[in-house]
Amino acid sequence: MSQPPLTHSREAILAAAERLFVERGYRGISMREIASEVGMTKAALYYHFRDKEQLFVALLNNVLDELAALIERCRAENSSHRAQIEAIIRQVMLLPLERRASLRLASQELANLDAITRQQFVERYHSQFIDRITAILAEGIAQGEFRPVDPQIGAWALLGMMYPYFHVSPVAGKAPTVVLIEQLSMIFFDGLQA
């Protein structure tokens with residue numbers, strides 16, 4: 001049996017799927033619609049991905065790989081733990097809207113995956129993203145740079161502040177700006193107390 005020609009790259013498929021998943025959610029699109037968006041047959045799409053779940057997980061894993069690399073870059077380029085976290089906030093908030101919205105997909109659409117795939121993804125999400133931020137906070141606490149709090153709670157609090165900007169429709173119609181990003185960092189580290 002001969003293989004179909006690879007006229008469309010995996011990256012093009014993932015980019016089209018990302019747009020559709022962000023716009024309509026996991027249940028809102030079919031493999032046929034993804035194939036049509038890329039300009040290929042459904043059979044050719046199945047050559048790359050066995051089903052919609054595999055394609056969705058591949059998209060989420062790409063996002064996690066990008067985040068892990070972003071975090072490691074921020075760590076390497078900044079000496080203080082606060083500067084590392086501020087750089088992570090800035091870099092994540094300045095990602096293109098669809099990329100930020102893909103982060104939201106990871107939490108909102110996981111129920112659509114089978115239990116084993118979901119568990120595997122959650123473990124990877126923690127190791128590639130949450131645990132890396134938690135480690136920076138834990139190191140900063142150990143070195144006396146931050147107050148002694150549970151670093152995991154700190155990581156989730158930080159992500160909770162950023163999460164509203166992971167939606168397709170920006171909060172109050174505003175895309176993240178440098179001023180907004182600076183204010184998020186200031187509120188996270190210094191609170192609102194005058």
Side-chain angles (χ1 to χ4, degrees), residues 1-73 88-133 156 159-177 180:
M1 184 171 176
S2 65
Q3 297 176 343
L6 298 178
T7 56
H8 295 88
S9 72
R10 182 178 170 92
E11 291 75 26
I13 295 167
L14 289 170
E18 181 175 47
R19 281 191 304 276
L20 292 171
F21 282 128
V22 165
E23 288 172 12
R24 296 192 244 157
Y26 185 85
R27 291 182 181 265
I29 61 169
S30 66
M31 289 292 272
R32 184 180 64 253
E33 290 170 302
I34 295 167
S36 176
E37 182 79 11
V38 181
M40 66 192 316
T41 66
K42 193 167 133 181
L45 179 59
Y46 279 113
Y47 174 77
H48 291 278
F49 298 97
R50 78 173 173 269
D51 56 26
K52 185 167 69 168
E53 180 175 275
Q54 185 187 44
L55 192 158
F56 184 67
V57 171
L59 166 65
L60 295 180
N61 283 333
N62 275 1
V63 174
L64 286 181
D65 291 343
E66 184 178 330
L67 283 173
L70 180 153
I71 291 169
E72 291 312 305
R73 229 178 11 259
I88 292 166
I89 294 169
R90 186 170 45 258
Q91 294 300 315
V92 169
M93 296 293 279
L94 293 176
L95 287 172
L97 177 58
E98 281 179 349
R99 208 41 141 186
R100 279 184 282 119
S102 294
L103 292 172
R104 178 184 50 80
L105 280 176
S107 62
Q108 287 188 329
E109 301 288 353
L110 282 184
N112 293 301
L113 306 179
D114 74 69
I116 293 170
T117 303
R118 182 171 52 245
Q119 182 59 38
Q120 290 170 340
F121 178 77
V122 167
E123 289 171 9
R124 191 161 193 274
Y125 180 79
H126 279 266
S127 69
Q128 296 290 90
F129 188 42
I130 306 300
D131 293 351
R132 289 172 190 250
I133 293 172
W156 284 112
L159 294 174
M161 292 174 66
M162 297 168 67
Y163 189 80
Y165 299 94
F166 296 169
H167 289 268
V168 176
S169 300
V171 176
K174 295 181 181 179
T177 62
L180 183 146

For a quick test of your reading: what N or O donor-acceptor pairs under 3.5 Å do the side chains of residues 89-101 make, sequence neighbours left out?
from, atom 1, to, atom 2, distance (Å)
Arg99, NE, Glu66, OE1, 2.7
Arg99, NH1, Glu18, OE2, 2.8
Arg99, NH2, Glu66, OE1, 3.0
Arg100, NE, Met93, O, 3.2
Arg100, NE, Leu95, O, 3.0
Arg100, NH1, Tyr165, O, 2.5

Flag for Ser30-Glu33: side-chain donor and acceptor within less than 3.5 Å: yes
Residue pairs involving residues 42-65 (criterion salt bridge (Lys or Arg N to Asp or Glu O under 4.0 Å); sequence neighbours excluded): Asp65-Arg124
Approximate separation, where rounding is to 0.5 Å, of Ser36 OG and Ile29 CD1: 11.5 Å
Neighbour count above 12 (heavy atom, 6.0 Å) for Arg32 CZ: no
Pairwise distance CD(Glu72) to CG(Leu67) - rounded to 0.5 angstrom: 11.5 Å
Reported CZ-to-CZ distance for the pair Phe56 and Phe121, which is rounded to 0.5 angstrom: 7.5 Å
Heavy-atom side-chain proximity of Val38 to Leu45 below 4.5 angstrom: no
Interatomic distance, Met162 atom CE to Ile88 atom CD1 [nearest 0.5 angstrom]: 8.5 Å
side-chain contact (heavy atoms from CB on, under 4.5 Å) partner of Thr117, the single match among Val57, Asn112, Leu110, Val122: Val57
Heavy-atom closest contact (Leu14 atom, Asn62 atom, distance): CD1-ND2, 3.0 Å
Leu60 side, atom CG; Ser102 side, atom OG - distance, nearest 0.5 Å: 7.5 Å
CG-CG distance between Leu64 and Leu103, expressed to the nearest 0.5 angstrom: 8.0 Å
For Arg104 against Val22, the heavy-atom pair lying closest together: NH2-O, 4.0 Å
Carboxylate-amine/guanidinium contact Arg27 Glu109, below 4.0 Å: no
Residues which pass salt bridge (charged side-chain N to carboxylate O under 4.0 Å, His left out) with Arg19, listed by chain and number, not counting sequence neighbours: Glu37
Closest non-hydrogen atom pair, Arg132 against Ser127: NE-O, 3.4 Å
Aromatic ring pairing Tyr26/Phe21, orientation class (parallel under 30°, perpendicular over 60°, tilted between): parallel
Any donor-acceptor pair under 3.5 Å from Arg118 side chain to Leu113 backbone: yes
Contact check, side chains of Trp156 and Ile130, non-hydrogen atoms, under 4.5 Å: yes
Gln119 side chain vs Ile116 backbone, donor-acceptor pair below 3.5 Å: no
Any Ile34 side-chain heavy atom under 4.5 Å of Phe49 side chain: no
Validation row: Leu55, His48 side chains within 4.5 angstrom (heavy atoms): no
